[in-house]
Amino acid sequence: MKIATWNINGVKARLEAALSWLGSARPDVACLQEIKSVDEGFPRGAFEDLGYQVATHGQKGFNGVALLSRTGFDEVRRGLPGNDADEQARYIEADVAGARGLITVASIYLPNGNPIGTDKFAYKLAWMERLEAHARRLLALEMPLVLAGDYNVIPEPIDARRPAAWTGDALFQPESRTAWRRLVALGLTDAIRACYPGDDLYTFWDYQAGAWQKNDGIRIDHLLLSPQAADRLVAAGIDREVRGGEKPSDHVPVWVELDT
DNA sequence: ATGCCTTGTCGCACAAGA
């Protein structure tokens with residue numbers, strides 16, 4: 001089963017690019033972030049025509065996440081637990097059918113958190129604490145679990161072409177990286193890092209200043225696997241060519257192939 | 001040092017992104 005994640009930066013602006021990528025990459029499950037659409041405005045039909053069932057957790061103008069599944073959904077859960085007052089749509093998870101049983105997949109849009117020292121950064125750190133608590137509960141179920149999405153965290157200096165340029169940025173702050181390490185240390189596997197130890201593995205290139213042309217990228221889109229999923233990890237990859245396509249998102253799809 | 005783009009918005013400039 002192939003599971004992919006992609007921050008598409010607006011589902012309506014990216015519809016053609018998304019359909020084109022789905023047609024060639026053919027993931028069984030796709031986790032989308034920054035759909036920037038309410039549920040009613042999501043172009044479900046276009047994805048259903050490609051054979052996907054669609055589950056959305058949308059919001060007007062900003063944020064918003066979605067799941068696409070070829071095998072449908074056993075159950076869908078919307079919102080990250082831990083703060084009923086949080087109105088930002090950044091989390092959706094579902095159980096999907098694999099050949100050997102259910103797999104839980106989450107589409108995560110972790111807050112950016114810039115600038116540091118503001119309530120935006122505090123919100124990011126609080127959100128990461130909630131994610132850690134939720135991941136701990138999910139891991140206790142001992143099921144195949146894939147936490148996929150735009151984490152807005154550069155884990156290590158090797159994950160940026162110019163790490164020094166990110167000093168003082170919420171994506172590379174020590175507190176953000178510590179929270180990331182705490183999450184991974186629960187027993188999760190960073191799929192891309194597990195498959196590729198080297199550098200030049202980026203998932204985001206800014207629209208500005210020719211970042212793509214200069215390969216001035218960062219790795220912030222991740223798939224974290226529970227032990228039961230990591231045991232079945234066959235391959236992982238970054239579809240970086242998508243960044244050079246027509247009207248691209250600033251992020252590219254990242255995927256894993258699991259033997260399930 | 002700042003903006004550089006891009007998207008969506010009850011647009012007519014601005015917020016938010018990263």
Side-chain angles (χ1 to χ4, degrees), chain A residues 5-21 31-43 46 56-66 86-91 107-128 131 148-177 179-180 201-222 238 240 242-254:
Chain A
T5 178
W6 189 16
N7 179 322
I8 58 173
N9 187 18
V11 67
K12 296 181 189 77
R14 214 67 59 215
L15 187 56
E16 298 236 354
L19 298 176
S20 167
W21 168 72
C31 308
L32 305 178
Q33 301 89 37
E34 274 208 277
I35 62 173
K36 296 188 177 179
S37 167
V38 293
D39 294 334
E40 312 82 70
F42 194 93
T56 61
H57 184 40
Q59 178 182 341
K60 191 169 78 172
F62 305 106
N63 307 324
V65 286
D86 186 358
E87 295 186 346
Q88 299 191 31
R90 297 177 172 275
Y91 187 92
S107 180
I108 293 169
Y109 179 42
L110 207 145
N112 171 305
N114 276 308
I116 59 172
T118 66
D119 50 1
K120 291 190 174 186
F121 190 59
Y123 175 70
K124 175 179 193 152
L125 295 180
W127 207 94
M128 293 186 81
L131 180 61
D150 175 2
Y151 280 76
N152 271 317
V153 175
I154 303 166
E156 300 292 337
I158 196 178
D159 296 309
R161 175 66 179 267
R162 297 188 304 132
W166 297 92
T167 304
D169 192 286
L171 279 63
F172 199 48
Q173 269 301 103
E175 295 95 322
S176 311
R177 295 175 58 202
W180 161 266
L201 294 166
Y202 310 130
T203 66
F204 170 91
W205 295 261
D206 202 290
Y207 286 123
Q208 305 182 71
W212 168 243
Q213 288 75 12
K214 292 188 273 193
N215 192 26
D216 183 12
I218 51 178
R219 190 174 74 95
I220 56 175
D221 299 271
H222 309 294
I238 301 172
R240 63 174 285 143
V242 171
R243 186 62 177 80
E246 218 31 43
K247 219 172 170 256
S249 168
D250 38 8
H251 298 250
V252 296
V254 187

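Every chain is numbered from 1, with letters handed out A, B, ... down the list of sequences. These values consider heavy atoms only, across backbone and side chains, with no hydrogens, waters or symmetry-generated copies.
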- Please state how far atom CG in D206(A) lies from atom P in dA16(B), giving the value in whole angstrom units. 17 Å

- Message: Regarding R243(A), tell me which of base, sugar-phosphate or nothing describes its non-hydrogen contacts under 4.0 Å with the strands shown.
- Response: nothing

- Item | Atom C1', compared across dA18(B) and dC4(B): separation rounded to whole Å | 13 Å

- Message: A side-chain contact here means heavy atoms from C-beta on lying under 4.5 Å apart; do T56(A) and E40(A) qualify?
- Response: no

- Message: Could you check whether the side chain of D169(A) and the base of dA18(B) have a donor-acceptor pair of N or O atoms closer than 3.5 Å, going by distance alone?
- Response: no

- Query: Whole-Å distance between dG3(B) P and Q208(A) CD?
  - Reply: 10 Å

- Query: Atom CG of N63(A) and atom P of dA16(B): how far apart are they, to the nearest Å?
  - Reply: 11 Å

- Note on the structure: Among the nucleotides dG8(B), dA18(B), dC10(B), whichever has the atom closest to the side chain of K12(A) is dG8(B)

- Item | Span that lies between the C1' atom of dG17(B) and that of dG3(B), in whole angstrom | 15 Å

- Message: Please tell me if N112(A) has a side-chain N or O lying less than 4.0 Å from either OP1 or OP2 of dA18(B).
- Response: yes

- Item | Spacing of the C1' atoms in dA15(B) and dG11(B) (rounded, Å) | 12 Å

- Message: Between dT2(B) and dT6(B), how far apart are the two P atoms, rounded to whole Å?
- Response: 23 Å

- Note on the structure: CD1 of I8(A) to CG of L32(A), rounded to nearest 0.5 Å, is 5.0 Å

- Message: Could you tell me how far apart I35(A) (CD1) and dG17(B) (P) are, to the nearest whole angstrom?
- Response: 16 Å

- Message: For a 4.5 angstrom cut-off between non-hydrogen side-chain atoms, does N114(A) reach K120(A)?
- Response: no

- Message: Within the 4.0 Å heavy-atom criterion, would you say D150(A) contacts the bases, only the backbone, or no part of the nucleic acid?
- Response: sugar-phosphate

- Message: Can you confirm whether V254(A) sits close enough to R219(A) that some side-chain heavy atom of one is under 4.5 Å from a side-chain heavy atom of the other?
- Response: no

- Message: Tell me whether the side-chain N/O atoms of N7(A) come closer than 4.0 Å to OP1 or OP2 in dG17(B).
- Response: no

- Message: At 4.0 Å (heavy atoms only), tell me whether D250(A) reaches a base, stays on the sugar-phosphate, or touches nothing.
- Response: nothing

- From dC4(B), dG8(B), dG17(B), nucleotide with atom closest to A13(A) side chain: dG8(B)

- To the nearest angstrom, how far is Q59(A) atom CD from dT9(B) atom P? 11 Å

- Query: Given dT9(B), dA18(B), dC4(B), which nucleotide is nearest the side-chain atoms of N114(A)?
  - Reply: dA18(B)

- Kindly say if R14(A) contacts the phosphate of dT6(B), meaning a side-chain N or O under 4.0 Å from OP1 or OP2. no

- Item | Beyond-backbone contact of Y151(A) with L131(A), side-chain heavy atoms, under 4.5 angstrom | yes

- Message: Whole angstroms only, please: what is the CZ-P distance between F121(A) and dA18(B)?
- Response: 15 Å

- Please examine the side chains of D86(A) and W127(A), heavy atoms only from C-beta on, and report whether any two atoms are closer than 4.5 Å. yes

- Item | Gap between atoms CG and C1', on D216(A) and dA18(B) respectively (whole Å) | 12 Å

- Message: Once you apply a heavy-atom cut-off of 4.0 Å, does F172(A) come out as touching a base, just sugar-phosphate, or nothing?
- Response: nothing

- Query: Does a side-chain N or O from R219(A) land closer than 4.0 Å to OP1 or OP2 of dA18(B), or not?
  - Reply: no

- Item | Candidate nucleotides dG8(B), dC4(B), dT6(B), ranked by approach to the side chain of K36(A) - the nearest | dG8(B)

- Query: At under 4.0 Å, does any side-chain N or O of N152(A) touch on OP1 or OP2 of dA18(B)?
  - Reply: yes

- Task: Answer yes or no: are there more than 12 heavy-atom neighbours, outside Q213(A) itself, under 6.0 Å from its atom CD?
- Result: yes

- Message: I want to confirm an ordering. Mapping N9(A) and L171(A) to their closest nucleotides on DNA chain B, which one lands closer to the 5' end?
- Response: N9(A)

- Query: Whole-Å distance between dG17(B) P and Y151(A) OH?
  - Reply: 19 Å

- Could you work out which one of dG8(B), dT6(B), dT7(B) sits closest to the side chain of Y207(A)? dT6(B)

- Message: Check the phosphate of dA18(B) against H251(A), side-chain N and O only, distance under 4.0 Å to OP1 or OP2. Yes or no?
- Response: yes

- Message: Once you apply a heavy-atom cut-off of 4.0 Å, does K124(A) come out as touching a base, just sugar-phosphate, or nothing?
- Response: nothing

